[in-house]
Peer 1: 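Please find one structure pasted underneath; my questions will follow.
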Protein chains: 2
Amino acid sequence: MFFGEYSYRVDDKGRVPLPPKFRRELKLGMILTKGMEKCVTVYPAAEFKRLSESLAAKAVTPASLRKLTRSIFGSAFSASFDGQGRIVLPHALREYAQIGDTAVVVGANNSVELWSEDEWKAEKVSADEQAAKIIESFGE
Amino acid sequence: MFFGEYSYRVDDKGRVPLPPKFRRELKLGMILTKGMEKCVTVYPAAEFKRLSESLAAKAVTPASLRKLTRSIFGSAFSASFDGQGRIVLPHALREYAQIGDTAVVVGANNSVELWSEDEWKAEKVSADEQAAKIIESFGE
DNA sequence: GGAGTTGTGGGGAGAAATGGGGAAAAGGGG
DNA sequence: CCCCTTTTCCCCATTTCTCCCCACAACTCC
């Protein structure tokens with residue numbers, strides 16, 4: 001289970017540390033993909049496998065399955081830690097999420113997300129609003 | 001069950017004691033999150049797990065689930081006591097609740113809340129008014 | 001009044017964040 | 001096919017921060 005919000009510097013070589021608390025769950029390997037929103041999503045390798053299998057099982061037509069496969073696997077990169085607990089952020093993903101020299105690392109239960117500071121600021125507001133709505137609706 | 005109101009000093013390292021009476025219930029671990037109001041909410045680890053699972057079960061669309069997950073898990077931090085019964089207040093949460101060098105610790109049944117002095121003063125008035133209304137309505 | 005508990009502060013060992021060097025590998029052009 | 005350039009990966013170094021321990025004064029409870 002991943003949670004918490006951390007801010008890290010991305011150095012000239014594109015390296016980003018992940019929080020020590022996240023490392024044990026990712027030590028066995030991880031997959032980086034384009035997130036649904038403008039972020040990079042990091043899955044533990046086992047979680048990614050489980051996820052991609054369950055998606056493949058649901059996408060029935062051959063055409064949609066091919067597209068799904070391309071979308072998911074085409075933007076997926078494997079990553080692992082260096083001696084200091086950092087991973088290298090692939091150019092394509094870094095550009096997609098518009099991450100400059102600072103990355104915000106967000107725990108999201110069974111995955112980890114990497115955001116640019118600006119995008120995260122905006123998303124946080126939107127996420128909090130959505131959450132408040134859902135929680136309020138419990139009273140009904 | 002937590003109740004009562006206590007005031008503590010937050011030292012230079014961001015440490016805050018919790019009342020001795022609260023410690024046994026939190027000894028097995030606790031989760032700090034942004035409260036719905038401008039405060040920090042502390043859940044016993046087990047309570048947080050139960051809560052997050054019940055939320056995940058209710059939020060139907062994938063998009064709203066992602067946002068809810070970000071809002072809940074993104075602002076959650078685990079904490080534990082040092083030898084003197086203190087916890088460290090993460091920067092992000094301290095800033096959110098605008099807690100300076102004094103924190104008001106409030107028992108709230110199944111959770112604990114941390115407030116800045118000013119925000120608590122205002123909330124207390126508002127909470128008392130609301131409580132009076134609700135209690136009055138019981139007679140109807 | 002005394003012993004234990006609690007609030008508050010600080011120091012130090014170890015971990016973590018950050019930066020850089022250099023060897024090995026990959027890629028491209030002649 | 002070879003050589004040169006570029007990138008990747010691993011290791012080392014330094015500063016910062018975190019966590020754990022100790023200390024002490026105030027207070028509580030017996």
Side-chain angles (χ1 to χ4, degrees), chain A residues 2-32 40 42 45 76-95 99-107 112-117 120, chain B residues 2-32 40 42 45 76-95 99-107 112-117 120:
Chain A
F2 304 102
F3 52 81
E5 177 192 326
Y6 307 83
S7 187
Y8 289 110
R9 178 141 236 289
V10 184
D11 69 20
D12 295 343
K13 299 181 179 180
R15 297 176 298 188
V16 198
L18 295 187
K21 286 181 183 169
F22 290 6
R23 290 179 199 166
R24 202 165 51 93
E25 274 193 75
L26 296 170
K27 201 141 224 170
L28 298 171
M30 68 196 99
I31 306 290
L32 278 57
V40 177
V42 183
F77 296 82
S78 74
S80 56
F81 291 113
D82 68 11
Q84 278 75 275
R86 293 172 292 196
I87 58 173
V88 178
L89 200 47
H91 287 108
L93 293 177
R94 188 174 176 183
E95 198 167 327
I99 296 173
D101 61 1
T102 300
V104 180
V105 180
V106 182
V112 176
E113 295 178 341
L114 306 181
W115 295 78
S116 75
E117 289 180 296
W120 174 243
Chain B
F2 305 102
F3 52 88
E5 178 191 326
Y6 307 82
S7 186
Y8 290 109
R9 175 142 237 289
V10 184
D11 70 20
D12 294 344
K13 297 182 179 180
R15 296 177 297 189
V16 198
L18 295 186
K21 286 181 182 171
F22 290 5
R23 290 179 197 165
R24 201 164 51 92
E25 272 193 77
L26 297 170
K27 200 141 223 168
L28 298 171
M30 67 196 103
I31 306 289
L32 279 56
V40 176
V42 183
F77 294 84
S78 71
S80 56
F81 290 113
D82 67 10
Q84 279 72 261
R86 292 172 292 194
I87 58 173
V88 178
L89 203 46
H91 288 107
L93 293 177
R94 189 174 175 183
E95 198 169 326
I99 296 173
D101 61 1
T102 301
V104 179
V105 179
V106 182
V112 176
E113 294 177 343
L114 306 181
W115 294 80
S116 75
E117 290 180 295
W120 174 243

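Keep in mind that the numbers below use all heavy atoms, side chains included, and drop hydrogens, waters and symmetry copies. Here is how names work: the chains are called A, B, and so on, in the same order as the sequence lines, proteins then strands, and each is numbered from 1.
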Peer 1: Taking only nitrogen or oxygen atoms into account, show me every contact under 3.5 Å that the protein makes with nucleotides 14-18 of chain C, one pair per line with its distance.
Peer 2:
| unit_1 | atom_1 | unit_2 | atom_2 | d |
| --- | --- | --- | --- | --- |
| dA17(C) | OP1 | Tyr8(A) | OH | 2.6 |
| dA17(C) | OP2 | Arg23(A) | NH2 | 2.6 |
| dT18(C) | OP2 | Arg9(A) | N | 3.4 |

Peer 1: Where do Val42(A) and Phe22(A) land on the side-chain contact (heavy atoms from CB on, under 4.5 Å) test, with the steps shown first?
Peer 2: CA-CA 11 Å; Val42(A) 183; Phe22(A) 290 6; over 6 Å; no
Peer 1: Dump the pairs, protein N or O against N or O of nucleotides 25-29 of chain D, anything under 3.5 Å, distances to one decimal.
Peer 2:
none

Peer 1: What is the distance, to the nearest angstrom, from the NZ atom on Lys13(B) to the P atom on dC19(D)?
Peer 2: 11 Å
Peer 1: Work out which heavy atom in Met30(B) is nearest to a heavy atom in Ser80(B); give both atom names and the distance.
Peer 2: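 Here Met30(B) and Ser80(B) meet closest at CE-CA, 4.0 Å.
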Peer 1: Whole angstrom is fine here: how far is it from CZ in Arg15(A) over to C1' in dT7(D)?
Peer 2: 13 Å
Peer 1: When the nearest nucleotide of DNA chain D is assigned to Phe81(A) and to His91(B) on a heavy-atom basis, which residue is associated with the more 5' position?
Peer 2: Phe81(A)
Peer 1: Figure out the CG/C1' separation between Leu89(A) and dT8(D), and round it to whole Å.
Peer 2: 15 Å
Peer 1: Could you give the CG-to-P distance, from Asp82(A) to dG20(C), as a whole number of Å?
Peer 2: 15 Å
Peer 1: Give the rounded distance in Å between these two atoms: CZ of Phe22(B) and P of dG7(C).
Peer 2: 11 Å
Peer 1: State which residue, out of Trp120(B), Tyr6(B), Tyr8(B), fulfils the ring pair (Phe, Tyr, Trp, His ring centres under 6.0 Å) condition with Trp115(B).
Peer 2: Trp120(B)
Peer 1: Test your reading of the model: is there a side-chain donor-acceptor pair from Arg86(B) to the backbone of Leu18(B), 3.5 Å cut-off?
Peer 2: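 Not at all, since once roles are kept as given, no pair shorter than 3.5 Å links the two residues.
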Peer 1: What verdict does the side-chain contact (heavy atoms from CB on, under 4.5 Å) test give for Ile87(A) and Phe81(A), after you've listed the backbone C-alpha separation in whole Å, the side-chain angles of each residue and the deciding distance to 0.1 Å?
Peer 2: CA-CA 5 Å; Ile87(A) 58 173; Phe81(A) 291 113; 3.9 Å; yes
Peer 1: Take atom CZ of Arg94(A) and atom C1' of dT8(D), then tell me their distance rounded to the nearest Å.
Peer 2: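 Roughly 15 Å, once rounded to whole Å.
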Peer 1: Do side-chain atoms of Arg15(B) reach the backbone of Leu89(B) as a donor and acceptor pair under 3.5 angstrom?
Peer 2: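 Pair absent, no side-chain N/O of Arg15(B) close to backbone of Leu89(B).
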Peer 1: Within this structure, what is the CD1-to-P distance between Ile87(B) and dC20(D), rounded to whole angstrom?
Peer 2: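 In whole Å, dC20(D) P and Ile87(B) CD1 are 14 Å from each other.
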Peer 1: Could you pull out the closest heavy-atom pair between Ser7(B) and Thr102(B), with the gap in Å?
Peer 2: OG-CG2, 3.4 Å
Peer 1: Would you name the heavy atoms of Val105(B) and Pro17(B) that are closest together and state the gap between them?
Peer 2: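 Answer, listing the atom of Val105(B) first, then Pro17(B): CG2-O, 4.2 Å.
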Peer 1: I need the minimum non-hydrogen distance between Ala103(A) and Val10(A), along with the two atoms involved.
Peer 2: CB-CG2, 3.8 Å
Peer 1: If every non-hydrogen atom of Glu117(B) is compared with every non-hydrogen atom of Val104(B), which pair is closest and at what distance?
Peer 2: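 Minimum heavy-atom contact is CA-CG2, 4.0 Å.
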Peer 1: So, applying side chain to side chain contact (heavy atoms under 4.5 Å, CB included) with Leu32(A), which one of Val112(A), Val88(A), Leu93(A) is it?
Peer 2: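 Of all the options given, the one that passes is Leu93(A).
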Peer 1: If we fit an axis to the first five pairs and another to the last five of the helix from dG1(C)-dC30(D) to dG30(C)-dC1(D), what angle do they make, to the nearest 10°?
Peer 2: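 Nearest ten degrees gives 30° for this helix.
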